[in-house]
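Accompanying notes for the structure given below.
To find a chain, count down the sequence lines: A is the first, B the second, and so on, and within it residues start at 1.
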2 protein chains.
Amino acid sequence: MPTKRERPGRGDGNGAGGSVVDEAIGRLRKRIESGEFAPGHRLPPEAVLAAELELSRPSLREAVRALAMAGVLDVRRGDGTFVTDLHPERLLSALGSFLDLAQDTGLEEMLECRKVLEPGATALAATRIDDAALDGLLERIERMRTLQDPEELVREDLAFHADIVAAAGNRTLSSLVSSVTQRTARARIWRALVKSDVLSWTHQQHMDIYAALRARDSLAAFTAAGRHVGDVELWVRERLDPLRERTER
Amino acid sequence: MPTKRERPGRGDGNGAGGSVVDEAIGRLRKRIESGEFAPGHRLPPEAVLAAELELSRPSLREAVRALAMAGVLDVRRGDGTFVTDLHPERLLSALGSFLDLAQDTGLEEMLECRKVLEPGATALAATRIDDAALDGLLERIERMRTLQDPEELVREDLAFHADIVAAAGNRTLSSLVSSVTQRTARARIWRALVKSDVLSWTHQQHMDIYAALRARDSLAAFTAAGRHVGDVELWVRERLDPLRERTER
DNA sequence: CTATCGCAGACATCTGACATCTTGGGGCGC
DNA sequence: GCGCCCCAAGATGTCAGATGTCTGCGATAG
């Protein structure tokens, strides 16, 4: 029997699975991989494509919608369906936009990822950051001293770290970090935690990181970022653990 | 008409956008976020859900398919549609499988990400790895000495590093690394590069990493992994650059 | 008590049609 | 001749209805 089509557990759904739609996704994927549908390419109208793949338009639309969700295709109403630029950061950001649905139990894992990512990214940034970006960072630090609204403050803190990673000049790395960071940024979580005592030590640590970057000192940047994230992790953990016991079933 | 439905730019497709389907995706997302649809929960039949959201079944199916692709929903034919466990690694691996569609120009960025990720992950693994995992690593190293087929060898090398990251005990971190690593693992690229001279230094470096892990020495593990990835980067770069000039348009 | 059969429910898919938006060209006025 | 406006073609967006097929569980017979 050539195609017995047993069910491979349908692990994550994509690939060439048992359904017509999954198979269409796989076929479209292959045609993109092969270069037949290059980045920026406009693919045939839905009706034509559906005929080629031998399925109905609604089913094709499901496949296209799925690929659009993954950041691979870009459908423009009234115009056509196009292949995106397929830049890693686009695919990663599509991925990351769903990461904040993760269970709260994953928060510690996320923080641990930050602990791995940010020191390296900051060290990398120290070798490449330009003066304009440095001035911007200093500006953000100063602004954080004046802000009172916790939500605004968290946003600014996030932007501070995002700017640093962006200064590393690796957009893939940026997307990776933002995927993880965004997850820890749920306002509703932080709002209950943020108190006035945060500013005291975060400000100093931000200044340490800034100074290391200004000096283009990778090692110091690595150390400062590592300590900062580590302290944040401790701070969050000791405030979250008692809260978790209460919500335990 | 009550809902004027203006278009807010339709950023990357998801969220509550201009189309009925996008809005349905956003609404389902919110209901999952709010806890109304908890992990493992079975959501209403398509017909009922379509009625609730005030759209047709094909459109609802597009939304459901998109969320299934993102690893948020799990549709079982003949049974129903369920919310997955929403573990970060599931969400990451679901859309992460599309990362290898990224343009080849991103390969250097990917390697740089590995340079940031692997040392930290390896250092973390040094604090948590158990003896069984260590034995498994040694076994892989030995197996790599005997293998000849480049493809098999690359696969084994990948598994070696994946096992280390897995030993760090952070599944989110594992998925993150595998997203990046998998991208650099395109067999067609490596097959042209791998030569017999690879084994000499990779074997020694793998042994260094193994020794550091066995000693539970985080710092040594960090250093060894960093040097290994750095050397791989250099090795790839000096073999890829001349090849790139040739394929330049 | 167990194993098998059958039915109801749920997803899978198709056919066909209509609505709406984008785009580019033709007609009109200047 | 040049530029603006309008409209028609094409593409996606959405819907309705109908039928196939599989899963899971209860009923039934051994």
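Atom CZ of A:Arg57 is separated from atom C1' of C:dC18 by 11 Å (rounded to the nearest Å). Atoms CG (B:Leu60) and C1' (C:dA12) sit 13 Å apart, rounded to a whole Å. In this structure, the CZ atom of A:Arg77 is 5 Å from the P atom of C:dC21, given to the nearest Å. Taking atom CG of residue A:Asp79 and atom C1' of nucleotide D:dG13, one finds them 14 Å apart after rounding to whole Å. Between A:Arg61 atom CZ and D:dC15 atom P the separation is 10 Å, expressed in whole Å.
Contact annotation: A:Thr81 reaches the phosphate of D:dT12 (side-chain N/O to OP1 or OP2, under 4.0 Å). OP1 and OP2 of C:dA12 both lie 4.0 Å or more from every side-chain N or O belonging to A:Ser59.
Pairs passing the ring-ring contact (aromatic ring centres under 6.0 Å, His included) check and including a residue from residues 55-81 of chain A, sequence neighbours excluded, do not occur.
Residues B:Asn170 and A:Cys113 meet the side-chain proximity criterion, which asks for heavy atoms closer than 4.5 Å. Proximity of B:Lys115 to A:Leu173: side-chain heavy atoms (C-beta onward) are nowhere separated by under 4.5 Å.
Judged as a salt bridge (Lys or Arg N to Asp or Glu O under 4.0 Å), and not counting sequence neighbours, the contacts of A:Glu112 are B:Arg128.
At a cut-off of 3.5 angstrom, counting only N and O atoms as typed in the model, there is no donor on one side facing an acceptor on the other between the side-chain of A:Arg65 and the base of D:dG13.
Under 3.5 Å, the side chains of A:Ser178 and A:Thr181 contain no donor-acceptor pair of N or O atoms. With hydrogens and angles left out, the side-chain atoms of A:Glu89 and A:Ser175 include no donor and acceptor closer than 3.5 Å.
Residues from residues 35-55 of chain A with heavy atoms under 4.0 angstrom of DNA chain C, sorted by number: A:Leu55.
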